[in-house]
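To start, the structure itself, in structure tokens.
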Amino acid sequence: MAGGGDKVDYVFKVVLIGDSAVGKSQILARFARNEFSLDSKATIGVEFQTRTLVIEHKSVKAQIWDTAGQERYRAVTSAYYRGALGALLVYDITKRQSFDHIPRWLEELRGHADKNIVIMLVGNKSDLEDERAVSTEDAKEFAEKENLFFLETSALQATNVENAFQTVLTEIFKIHSKKNMAADPRANGAAPSLAGKKVIVPGPAQEIPKSKCCSSM
Ligand SMILES: Nc1nc2c(ncn2[C@@H]2O[C@H](COP(=O)(O)OP(=O)(O)OP(=O)(O)O)[C@@H](O)[C@H]2O)c(=O)[nH]1
């Protein structure tokens with residue numbers, strides 16, 4: 001087909017993490033399909049969805065991975081984080097505990113992911129201002145201390161969801177387009193950067209069986 005509509009210059013893997021029910025799946029549904037559901041089911045295993053957008057005249061396919069916040073439904077950690085260039089670390093502004101757990105999620109993320117991973121702290125459900133249990137200031141302070149981007153979002157009202165992904169993807173773009181232009185010996189002028197080729201996708205599977213993973217890690 002003419003028009004070059006499906007040309008993808010980069011594939012960036014971004015992971016969603018955070019406690020159960022903070023709204024990870026709905027943030028993803030909002031970003032990937034502009035949908036929202038109030039009776040969202042708990043995620044089991046791993047899912048991902050993609051959306052292609054244009055950043056600085058390049059076509060960037062965002063591959064967003066979502067996993068269960070509940071321990072018993074979680075798939076293997078290493079495979080989930082492998083190749084991730086960005087992360088949204090999500091808590092629910094109405095659930096203090098989900099914010100108190102953020103340091104643990106951050107530790108897990110930093111223990112498994114790429115050193116240069118771009119991280120955005122996301123306080124979701126900003127539409128529930130009356131039930132707020134985490135102040136914006138507390139979260140901002142934490143984000144500054146840990147060198148994270150920070151935004152409050154509402155998947156329900158579609159507030160800042162686009163902004164959160166755009167910020168992370170643009171930052172990834174800045175880091176990786178530069179790096180690859182300088183370091184990739186195959187990028188002989190005409191070839192697009194190979195940033196996305198590092199992404200490892202274990203098939204379109206919704207779940208990664210435990211038995212297949214991690215034995216050699
Ligand atoms: N008011 C409000 N509710 C939301 C928002 N985002 C998600 N929810 C609701 O919160 C509940 C949990 O959302 P999910 O997206 O399933 O949460 P999750 O983090 O993916 O949960 P796990 O899959 O268990 O890890 C659902 O009832 C959603 O409809 C939001 O921005 N505002």
Side-chain angles (χ1 to χ4, degrees), residues 13-51 62-81 84 86-109 111-113 119-136 138-140 142-143 148-168 202 204-210 213:
K13 175 176 171 179
V14 174
V15 293
L16 285 160
I17 50 171
D19 278 10
S20 181
V22 296
K24 298 182 296 298
S25 300
Q26 293 312 307
I27 288 174
L28 176 53
R30 177 61 77 194
F31 177 69
R33 294 176 272 120
N34 199 17
E35 286 176 8
F36 179 84
S37 151
L38 263 178
D39 64 349
S40 175
K41 306 260 178 337
T43 305
I44 297 178
V46 176
E47 301 173 354
F48 74 84
Q49 294 193 38
T50 62
R51 191 178 127 191
Q63 187 186 66
I64 317 292
W65 291 54
D66 177 23
T67 190
Q70 284 182 57
E71 195 67 44
R72 66 190 163 132
Y73 290 148
R74 293 194 69 207
V76 286
T77 331
S78 316
Y80 186 66
Y81 291 116
L88 263 58
L89 194 49
V90 188
Y91 65 94
D92 174 345
I93 67 150
T94 74
K95 297 268 171 348
R96 182 75 211 185
Q97 211 187 36
S98 70
F99 179 70
D100 293 340
H101 288 162
I102 288 291
R104 271 194 246 167
W105 286 110
L106 191 56
E107 197 181 321
E108 179 174 297
L109 181 60
H112 288 88
I119 309 171
M120 164 82 73
L121 178 67
V122 173
N124 190 40
K125 308 198 187 180
S126 63
D127 53 289
L128 301 176
E129 186 58 42
D130 293 351
E131 298 171 42
R132 179 185 284 276
V134 182
S135 74
T136 307
D138 278 4
K140 213 183 254 175
F142 178 82
L148 317 172
F149 288 96
F150 167 63
L151 274 175
E152 288 186 345
T153 60
S154 167
L156 186 149
Q157 294 181 332
T159 312
N160 272 341
V161 173
E162 193 71 21
N163 193 358
F165 283 104
Q166 279 279 356
T167 304
V168 168
Q206 300 297 296
E207 206 167 343
I208 301 168
K210 249 198 167 102
C213 174

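Just so you know, ligand 1 is whichever comes first in the structure, and atom 1 is the first atom listed for that ligand.
- At a 4.0 Å heavy-atom cut-off, ligand 1 touches N124 through the side chain alone.
- Ligand 1 places these atoms under 4.0 Å from at least one heavy atom of A42: 23 (O), 24 (O).
- Of all atoms in ligand 1, listed by their number and element, those nearer than 4.0 Å to a heavy atom of L38 are 26 (C), 27 (O), 28 (C), 29 (O).
- Although no hydrogens or angles enter the test, the distance criterion places a donor-acceptor pair under 3.5 Å between the side chain of K24 and the main chain of D19.
- Proximity of L156 to ligand 1, defined as any heavy-atom pair under 4.0 Å, is shared by backbone and side chain alike.
- Contact annotation: the side chain of L151 approaches that of M120 to within less than 4.5 Å [non-hydrogen atoms, C-beta and beyond].
- Listed by number with element, the atoms of ligand 1 under 4.0 Å from a non-hydrogen atom of S37 are 28 (C), 29 (O).
- Under a 4.0 Å criterion applied to the non-hydrogen atoms of L128, ligand 1 contributes the atoms 1 (N).
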Quiz item: Taking it one step at a time, do T136 and E152 satisfy side chain to side chain donor-acceptor pair (under 3.5 Å)?
Solution: CA-CA 8 Å; T136 307; E152 288 186 345; 3.0 Å; yes
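- Shortest contact from atom 31 (O) of ligand 1 to any protein heavy atom: A155 N, 2.8 Å.
- A salt bridge does not link R104 with E107: none of the charged nitrogens is closer than 4.0 Å to a carboxylate oxygen.
- A donor-acceptor contact shorter than 3.5 Å is absent between the side chain of T43 and the backbone of T67.
- Ligand 1 lies nowhere less than 4.0 angstrom from a heavy atom belonging to D92.
- The closest side-chain heavy-atom distance from K125 to D127 is below 4.5 Å.
- Side-chain atoms of L89 and L106, non-hydrogen and from C-beta on, do get closer than 4.5 Å to each other.
- Relative orientation of the F99 and F142 rings is perpendicular, given thresholds of 30° and 60° on the angle between their planes.
- Scanning the protein heavy atoms around atom 23 (O) of ligand 1, the nearest turns out to be T43 N, 2.7 Å.
- Side chains of S40 and S25: no donor on one and acceptor on the other come within 3.5 Å.
- Among protein heavy atoms, the minimum distance from atom 10 (O) of ligand 1 is reached at K125 NZ, 3.0 Å.
- Shortest contact from atom 15 (O) of ligand 1 to any protein heavy atom: Q26 N, 3.0 Å.
- Every atom of ligand 1 is numbered from 1 in the order shown, and the set under 4.0 Å from a heavy atom of K24 is 15 (O), 17 (O), 18 (P), 19 (O), 20 (O), 21 (O), 22 (P), 25 (O).
- Short contacts between ligand 1 and G69, defined as distances under 4.0 Å to a heavy atom of the residue, involve ligand atoms 22 (P), 25 (O).
- Scanning all protein heavy atoms for the shortest distance to atom 24 (O) of ligand 1 gives S20 OG, 2.6 Å.
- The distance from ligand 1 to the heavy atoms of D127 drops below 4.0 Å at these ligand atoms: 1 (N), 2 (C), 30 (C), 31 (O), 32 (N).
- Protein heavy atom in closest approach to atom 13 (O) of ligand 1: G23 CA, 3.6 Å.
- Few gaps surround CD on Q157; more than 12 heavy atoms of other groups in view lie less than 6.0 Å from it.
- Residue S154 has at least one heavy-atom neighbour below 4.0 Å for each of these atoms of ligand 1: 31 (O).
- With a 4.0 Å cut-off on non-hydrogen atoms, T153 does not touch ligand 1 at all.
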Practice problem: Carefully, step by step, assess R51 and E162 under the rule salt bridge (Lys or Arg N to Asp or Glu O under 4.0 Å). | Solution: CA-CA 11 Å; R51 191 178 127 191; E162 193 71 21; 2.6 Å; yes
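- At a heavy-atom distance under 4.0 Å, only backbone atoms of A68 (N, CA, C or O) approach ligand 1.
- With respect to atom 16 (O) of ligand 1, the closest heavy atom belonging to the protein is S40 OG, 2.5 Å.
- In terms of heavy atoms, D92 sits closest to S98 at N-OG, 2.9 Å.
- The residue A29 has no part lying near ligand 1, judged by heavy-atom distances below 4.0 Å.
- By the 30° and 60° cut-offs, the orientation of the rings of F150 relative to Y91 is parallel.
- The single protein non-hydrogen atom nearest to atom 21 (O) of ligand 1 is A21 N, 2.8 Å, given as residue, atom name and distance.
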